Amino acid sequence: MRGVWRDRKEQIMPAETMDELVSLCKRRGFIFQGSEIYGGLQGTYDYGPLGVELKNNLKAAWWRANVYERDDMEGLDASILTHRLVLHYSGHEATFADPLIDNRISKKRYRLDHLLKEQKPQVLEAVAEAMGLGDWDMTTLVAALMADPEKAAEAMTSAKVIDPANGAPGDWTPPRPFNMMFRTNIGPVVDEDSYGYLRPETAQGIFINFKNVLDSTARRLPFGIAQIGKAFRNEITPRNFIFRVREFEQMEIEFFVKPGTDEEWHQRWLETRLQWWEDQGIPRHQIHVLDVPKADLAHYSKRTFDLMYNFPTLGFEEIEGIANRSDYDLGSHTKAQSELNIQARVMENTDSTAKLAVQDPDTKAWFVPYVIEPSAGVDRGVLAVLSEAYTKEQLDSGEERIVLKLKPHLAPIKVAVIPLAKNKEEITSYARSLKARLQALGMGRVLYEDTGNIGKAYRRHDEVGTPFCLTVDYDTIGKSQDGSTTLKDTVTVRDRDTMMQERVHVSELAQYLLERLR
RNA sequence: GCGGGAGUAGCUCAGUUGGCAGAGCGUCAGCCUUCCAAGCUGAAUGUCGCGGGUUCGAAUCCCGUCUCCCGCUCCA
């Protein structure tokens, strides 16, 4: 074998800061700040030419594993704009809007109503008086405070509303309503009643289509519905690059099972999902499975496992939640609730037109299925995969090599075809035609690369994670220095991670690459 | 929302007391080059985050605002 690169790698390091990764993402066209040319819009990011490939590849891997390679799954793509009643009965309207207030002294934040409930009656009386209220109760007091936040701040501070954290009067900020859901007007007339929401989770689209899918596919339990799509949350503090953002994408499965089998399925999905992340390059030992404490569970959850990936720059953070949502959701959205023996505590539904239940084939009794929900963040997945892949290597030559060691199936660019010399027409035309033939195989992005010299091209592609660089040289075109033609129609294939090269005949390239890019 | 830090070319960052907008890398073009950011020649790229103020004059001083990072807070 000839031309094998032997520069030993000494140190291997991950990204030290998020900035380092952000910088690479911008420089190479993975991810840009949203609305950047107007100063940026907080909590939004745009995926560039390479970012969209990576993200699409991750979603495709998920869809393939969960839809194409299973016999118990259907796909769905529900609308983002959502009827207000969907999010009313789901419980989101009630749990996603909090009036919040801060104490400037202790730096603590409270829900206004919770804070007021902690106060002595005379303090509340003083607040009400300062707000000019005669008759009042807790509801009208909160309403009055929210109606005039500036005055509320003064009233609460001068009435010496106590901060439970330190037992001392606080210096209170104006209270602010905080609605986690984006409300939007629908239709030509802007009025109070013509609004809906941008969905805060894709899950609801699945629940409200449960009957449609059942009717159109003749599925029986257990089976699941998979969906990938955008969701929107008005996060208080978007932070950490694409980790916590206001517009993001979810990959969600709602897996419907018979009550009583839910705990077993919950465990099974936990294992399935851990294996999937491993297949995407996130090793099992870098994920901590958090059995979420009862007190921290979401309003719908019976039990939840959070998959916490050990981000090199952030520590352990959630990339997927696998929740046992019991019969809460279908129970919330179904009509005829009283006939269905629903276990979860649900709001009485007087609007739904569909029975979201199935019939036991033996007993003929109707019941509401339990739901196991593996819900993964696409953007968080992209960040995890990038973080895990980002590597700095110190080479023997003293130089630093930055390489994204992405799994080949996730790499934005699959193959770069490089002419050894770009001023030799025979070599460049061979390289161009080779590139065209490989491109036609449909393996993804295949590029002709002739920027700089060969070394630059390699390093450039290391940095964006291109698994294979093919180099067309003098041997390829039958003009070896020693006059032999034994290497005619072979190219060097350089491996991104090892930097090793081997010569492969062009007739074998398609198979060689396709095998390794899966 | 609080506290701290930052924002100047695609990236990393200089920019002195308020006095012509800079470097390295990258990018592009040409030359050269028989495999790991080699070399030579040339070129392009700036609302100095944005808006206002002070000043003869502002990247620099003041006010406001946006965005990012760190620590709190929040996180269905």
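Chain letters run A, B, ... following the sequence lines, proteins first, then strands; residues in each count from 1. This is a predicted model, so every value here is computed, not measured.
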Please tell me which of the listed nucleotides, [options], lies nearest to the side chain of [X]?
{"X": "A:Lys456", "options": "B:C35, B:A37, B:C70", "answer": "B:A37"}
{"X": "A:Met180", "options": "B:C75, B:C36, B:A76", "answer": "B:A76"}
{"X": "A:His92", "options": "B:C35, B:A38, B:A76", "answer": "B:A76"}
{"X": "A:Thr451", "options": "B:U34, B:C28, B:C36", "answer": "B:C28"}
{"X": "A:Arg459", "options": "B:C35, B:A37, B:A76", "answer": "B:A37"}
{"X": "A:Tyr474", "options": "B:A76, B:C35, B:U34", "answer": "B:U34"}

Looking at [N], I'd like to know if its phosphate oxygens (OP1 or OP2) sit under 4.0 Å from a side-chain N or O belonging to [X].
{"X": "A:Ser23", "N": "B:U12", "answer": "yes"}
{"X": "A:Asn453", "N": "B:A37", "answer": "no"}
{"X": "A:Lys26", "N": "B:G10", "answer": "no"}

- prompt: Any cation-pi pair here, A:Arg380 with A:Phe243, using under 6.0 Å and within 45°?
  reply: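 Yes - A:Arg380 lies over the ring of A:Phe243, closer than 6.0 Å to its centre and within 45° of its axis.
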
field: Cation over ring face, A:Arg516 and A:Tyr512, 6.0 Å, 45°
entry: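 Yes, a cation-pi geometry holds between A:Arg516 and A:Tyr512.
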
field: Option among A:Thr492, A:Ile418, A:Asp473 that satisfies the side chain to side chain contact (heavy atoms under 4.5 Å, CB included) test with A:Ile454
entry: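 For A:Ile454, the side chain to side chain contact (heavy atoms under 4.5 Å, CB included) check succeeds only for A:Ile418.
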
Ignoring hydrogens and angles, answer whether the base of [N] and the side-chain atoms of [X] contain a donor-acceptor pair closer than 3.5 Å.
{"X": "A:Arg494", "N": "B:C35", "value": "no"}
{"X": "A:Glu235", "N": "B:C75", "value": "no"}
{"X": "A:Thr237", "N": "B:C74", "value": "no"}
{"X": "A:Glu93", "N": "B:A76", "value": "no"}

message: Show every side-chain hydrogen bond (donor to acceptor under 3.5 Å, both in side chains) that has at least one partner inside residues 38-52 of chain A, sequence neighbours left out.
response: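 For residues 38-52 of chain A: A:Tyr47-A:Asp379.
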
Distance, rounded to the nearest Å, where [X] contributes [atom1] and [N] contributes [atom2]:
{"X": "A:Arg380", "N": "B:C75", "atom1": "CZ", "atom2": "P", "value": "14 Å"}
{"X": "A:Leu314", "N": "B:C72", "atom1": "CG", "atom2": "P", "value": "13 Å"}
{"X": "A:Arg401", "N": "B:C25", "atom1": "CZ", "atom2": "C1'", "value": "19 Å"}
{"X": "A:Glu463", "N": "B:C36", "atom1": "CD", "atom2": "C1'", "value": "14 Å"}
{"X": "A:Leu420", "N": "B:C32", "atom1": "CG", "atom2": "P", "value": "15 Å"}
{"X": "A:Arg28", "N": "B:U12", "atom1": "CZ", "atom2": "C1'", "value": "14 Å"}
{"X": "A:Phe248", "N": "B:C75", "atom1": "CZ", "atom2": "P", "value": "15 Å"}
{"X": "A:Lys294", "N": "B:A76", "atom1": "NZ", "atom2": "P", "value": "16 Å"}

message: I need the full list of ring pair (Phe, Tyr, Trp, His ring centres under 6.0 Å) pairs touching residues 454-500 of chain A, with sequence neighbours left out, sorted by first then second residue.
response: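 Passing the test, one end in residues 454-500 of chain A: no pairs.
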
message: Just to be sure I understand the rule, does A:Ile37 reach a base, reach only the sugar-phosphate, or reach nothing, if contact means heavy atoms closer than 4.0 Å?
response: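 Touches a base.
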
message: For B:A59, give the paired nucleotide (Watson-Crick: N1-N3 plus N6-O4 or O6-N4; G-U: N1-O2 and O6-N3; both under 3.5 Å), or none.
response: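 Here B:A59 is not engaged in any pair, so there is no nucleotide opposite it.
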
- request: Give none if B:A37 has no partner; otherwise give the nucleotide forming a Watson-Crick or G-U wobble pair with it, both distances under 3.5 Å.
  value: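 Across all strands, not a single nucleotide pairs with B:A37.
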
field: Distance flag, aromatic centroids of A:Phe311 and A:Phe316, threshold under 6.0 Å
entry: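 Aromatic pair excluded; centres sit 6.0 Å or further apart.
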
task: Kindly say whether the aromatic ring centers of A:Tyr197 and A:His83 come within a distance under 6.0 Å.
output: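 No, they do not, as the ring centres are separated by 6.0 Å or more.
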
query: Would one find more than 12 heavy atoms of other residues, nucleotides or ligands at under 6.0 Å from atom CZ of A:Arg28?
result: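 It does: A:Arg28 CZ has more than 12 such atoms within range.
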
field: nucleotides 63-69 of chain B: protein proximity per nucleotide (B base, S sugar-phosphate only, - neither; heavy atom, under 4.0 Å)
entry: ---SSSS

message: Give me the distance, rounded to whole Å, that separates B:G46 from B:G7 when you measure between the C1' atoms they each carry.
response: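 My reading of the C1' atoms in B:G46 and B:G7 gives 14 Å.
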
